[in-house]
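To keep things clear, I will list the structure first and then write my remarks on it.
Computation of the quantities below employed the complete heavy-atom set of this structure, encompassing side-chain atoms and omitting hydrogens, waters and symmetry-equivalent molecules. Everything quoted here is computed from the prediction, not taken from an experiment.
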Amino acid sequence: MRLLVVEDSARLRASLATGLGMAGFAVDVAATGPEGLVLAANNPLDVIVLDLGLPGMDGLEVLSRLRERGVETPVLILTARDEVEDFVRGFDAGAHDYVAKPFAMEELVARCQSLARRSYGSIGLSVPIGTAVFFPAGRRLERDGEDIPLKARDMRILEYLVARRGEAVTREEIEDHVYRTKDLPSSNAVDSAICLLRRKLDADGEPSLIQTIRGVGYKLQLHTSELEAEKG
C-alpha cells in the first residue's frame, strides 16, 4: 500500500522511509506542513504518518485542512508530545491512531498495516487464491507450505488486488497505490507484473484468476468457481 510520512527531522524521516519501505509500503515523504498537505490532498494514499511539530504549518492544522477538503485517508499521529490534550485534539481533528516518540519500528509498522487494511474491510489472517495462500500480515504467498517468491513491487500489486478482490481496478489505480511519486513506472510495468502474478497463481489448464476487463483494467477472483459463476 502507499503511505506518506510528514516529518521534519531528516534523520527520522529517512529511517521511517526505510523501515516502512522494508515492510512493503510505497513511501512518499514530506518535510513541512504545507508540503505534506499538498501531497496528501493530491495523491490516493492508504495511510498518512503525520508529525505534529512541523514547520510552516503544524500537523493538527494539516489534518484539519485535509478533513475540510473531504480527504478521509487514515492518519496516524507521530509526536513527542505526551500531554493527553494533544492526543485528544488530534482525534477530534480526525486522526485514527497515534504513536509517541520514541517508538519501536515494529509497532509503527503494525499500526500502519492495520489502518491500511481497515480502509478495505476485513481481509483475514490468510486468503486462499486458487491453490495458493496469501498471508497479509507477513506479506507472504505460498503453495503447499512452500513460499512463492515475489519482488516487493509485485507483492504490493498482489496485496492491492486482494484488498480490492472481486472489483475491477484500473491500471492507474494500481499505479497510484503501488508506486511512489518519484517512481514513474514504464507504460507496461503493471501489465508485466500481472503476467508474472498469473504465472505464480494460476493452475495448469484453469482460467486465470486475474481477469483482464477490457477498457478498464483487471479483477482478481479468489476461486475458479467464481469465474464459472460469472460466466453462468
Side-chain angles (χ1 to χ4, degrees), residues 1-123 136-137 156 159-160 163-164 173 175-183:
M1 301 298 180
R2 188 174 177 186
L3 181 149
L4 172 66
V5 171
V6 190
E7 165 62 52
D8 63 324
S9 166
R11 178 176 295 181
L12 180 55
R13 192 168 61 248
S15 176
L16 289 170
T18 299
L20 290 164
M22 291 177 64
F25 285 99
V27 184
D28 288 308
V29 296
T32 69
E35 182 185 5
L37 178 61
V38 170
L39 287 174
N42 293 285
N43 291 285
L45 302 163
D46 295 294
V47 181
I48 299 169
V49 176
L50 181 66
D51 186 29
L52 290 185
L54 295 168
M57 181 188 303
D58 70 35
L60 287 178
E61 185 174 356
V62 172
L63 178 55
S64 296
R65 292 196 183 190
L66 287 173
R67 297 309 187 224
E68 289 171 0
R69 297 184 184 189
V71 177
E72 298 181 355
T73 306
V75 171
L76 182 149
I77 290 177
L78 189 63
T79 179
R81 305 176 191 178
D82 57 2
E83 290 85 359
V84 173
E85 307 87 73
D86 289 314
F87 299 140
V88 172
R89 288 171 61 209
F91 288 125
D92 286 344
H96 292 72
D97 200 356
Y98 76 89
V99 171
K101 304 174 186 175
F103 58 87
M105 181 61 71
E106 294 81 1
E107 178 187 3
L108 180 65
V109 166
R111 289 178 180 272
C112 287
Q113 289 174 334
S114 176
L115 288 177
R117 295 191 187 108
R118 190 184 304 173
S119 299
Y120 298 100
S122 177
I123 293 178
R156 288 200 296 268
E159 187 174 33
Y160 184 65
R164 297 284 303 275
E173 286 178 308
E175 290 173 355
D176 285 342
H177 284 269
V178 170
Y179 296 90
R180 299 177 297 175
T181 299
K182 67 179 183 179
D183 294 335

If I take atom [atom1] from residue [X] and atom [atom2] from residue [Y], how far apart are they, to the nearest 0.5 angstrom?
{"X": "N43", "Y": "D28", "atom1": "CG", "atom2": "CG", "result": "6.5 Å"}
{"X": "C112", "Y": "H96", "atom1": "SG", "atom2": "NE2", "result": "12.5 Å"}
{"X": "L52", "Y": "R89", "atom1": "CG", "atom2": "CZ", "result": "8.0 Å"}
{"X": "E159", "Y": "F25", "atom1": "CD", "atom2": "CZ", "result": "7.0 Å"}

Are [X] and [Y] side-chain neighbours, meaning at least one heavy-atom pair lies under 4.5 Å?
{"X": "V6", "Y": "V49", "answer": "no"}
{"X": "V5", "Y": "L20", "answer": "yes"}
{"X": "P74", "Y": "I48", "answer": "no"}

Among residues two or more places apart or on two chains, list those pairs meeting side-chain hydrogen bond (donor to acceptor under 3.5 Å, both in side chains) that have a residue in residues 60-75. E61-R65
Hey, mind stepping through L108 and L16 against side-chain contact (heavy atoms from CB on, under 4.5 Å) and telling me if it holds? CA-CA 9 Å; L108 180 65; L16 289 170; 3.2 Å; yes
Using the side-chain hydrogen bond (donor to acceptor under 3.5 Å, both in side chains) criterion, which residues pair with D8? Sequence neighbours excluded.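 D8 satisfies side-chain hydrogen bond (donor to acceptor under 3.5 Å, both in side chains) with no other residue.
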The criterion is side-chain hydrogen bond (donor to acceptor under 3.5 Å, both in side chains); which residues satisfy it with E106, sequence neighbours excluded?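 side-chain hydrogen bond (donor to acceptor under 3.5 Å, both in side chains) list for E106, sorted by chain: empty.
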Evaluate the ring planes of F91 and Y98, with Trp represented by its six-membered ring, and classify them as parallel (under 30°), tilted (30 to 60°) or perpendicular (over 60°). perpendicular
Is any NZ, NE, NH1 or NH2 atom of the basic residue among D51 and R13 found under 4.0 Å from an Asp or Glu carboxylate oxygen of the other?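 Between R13 and D51 there is no salt bridge, as every charged N stays at least 4.0 Å from the carboxylate O atoms.
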Checking E173 now: which residues fulfil salt bridge (Lys or Arg N to Asp or Glu O under 4.0 Å) with it, not counting sequence neighbours?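 Checked E173 against salt bridge (Lys or Arg N to Asp or Glu O under 4.0 Å); matches are R164.
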Backbone N or O of L60 within a donor-acceptor pair of the D58 side chain at under 3.5 Å?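 Such a contact is found between D58 side chain and L60 backbone.
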Would you confirm whether D46, through its side chain, and R2, through its main-chain N or O, come within 3.5 Å as a donor-acceptor pair?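 Yes, the answer is positive, given that a donor and an acceptor are paired below the 3.5 Å cut-off.
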Evaluate the side-chain contact (heavy atoms from CB on, under 4.5 Å) criterion for residues L37 and L66: first the C-alpha distance (whole Å), next the side-chain angles of each, then the deciding distance (0.1 Å), finally the verdict. CA-CA 7 Å; L37 178 61; L66 287 173; 3.7 Å; yes
How far apart are the closest heavy atoms of [X] and [Y], and which atoms are they?
{"X": "L39", "Y": "A30", "answer": "CD1-CB, 4.0 Å"}
{"X": "A26", "Y": "V178", "answer": "CB-O, 3.1 Å"}
{"X": "A23", "Y": "Q113", "answer": "O-NE2, 4.0 Å"}
{"X": "E35", "Y": "V29", "answer": "OE2-O, 3.9 Å"}
{"X": "V109", "Y": "G19", "answer": "CG2-O, 4.3 Å"}
{"X": "D176", "Y": "P44", "answer": "CB-CG, 3.2 Å"}

Holding to side chain to side chain contact (heavy atoms under 4.5 Å, CB included), I want the full list of residues that pass it with S9, two or more places apart in sequence or in another chain. E7, R11, L12
Neighbour count above 12 (heavy atom, 6.0 Å) for M22 CE: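 Counting neighbours around CE of M22, 12 or fewer heavy atoms of other residues, nucleotides or ligands fall under 6.0 Å, so no.
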side-chain contact (heavy atoms from CB on, under 4.5 Å), that's the test. Do L45 and L3 meet it? Break it down for me. CA-CA 6 Å; L45 302 163; L3 181 149; over 6 Å; no
Could you go through L50 and L76, starting from their C-alpha distance and side-chain angles, then the distance that decides it, and tell me whether this counts as side-chain contact (heavy atoms from CB on, under 4.5 Å)? CA-CA 6 Å; L50 181 66; L76 182 149; over 6 Å; no
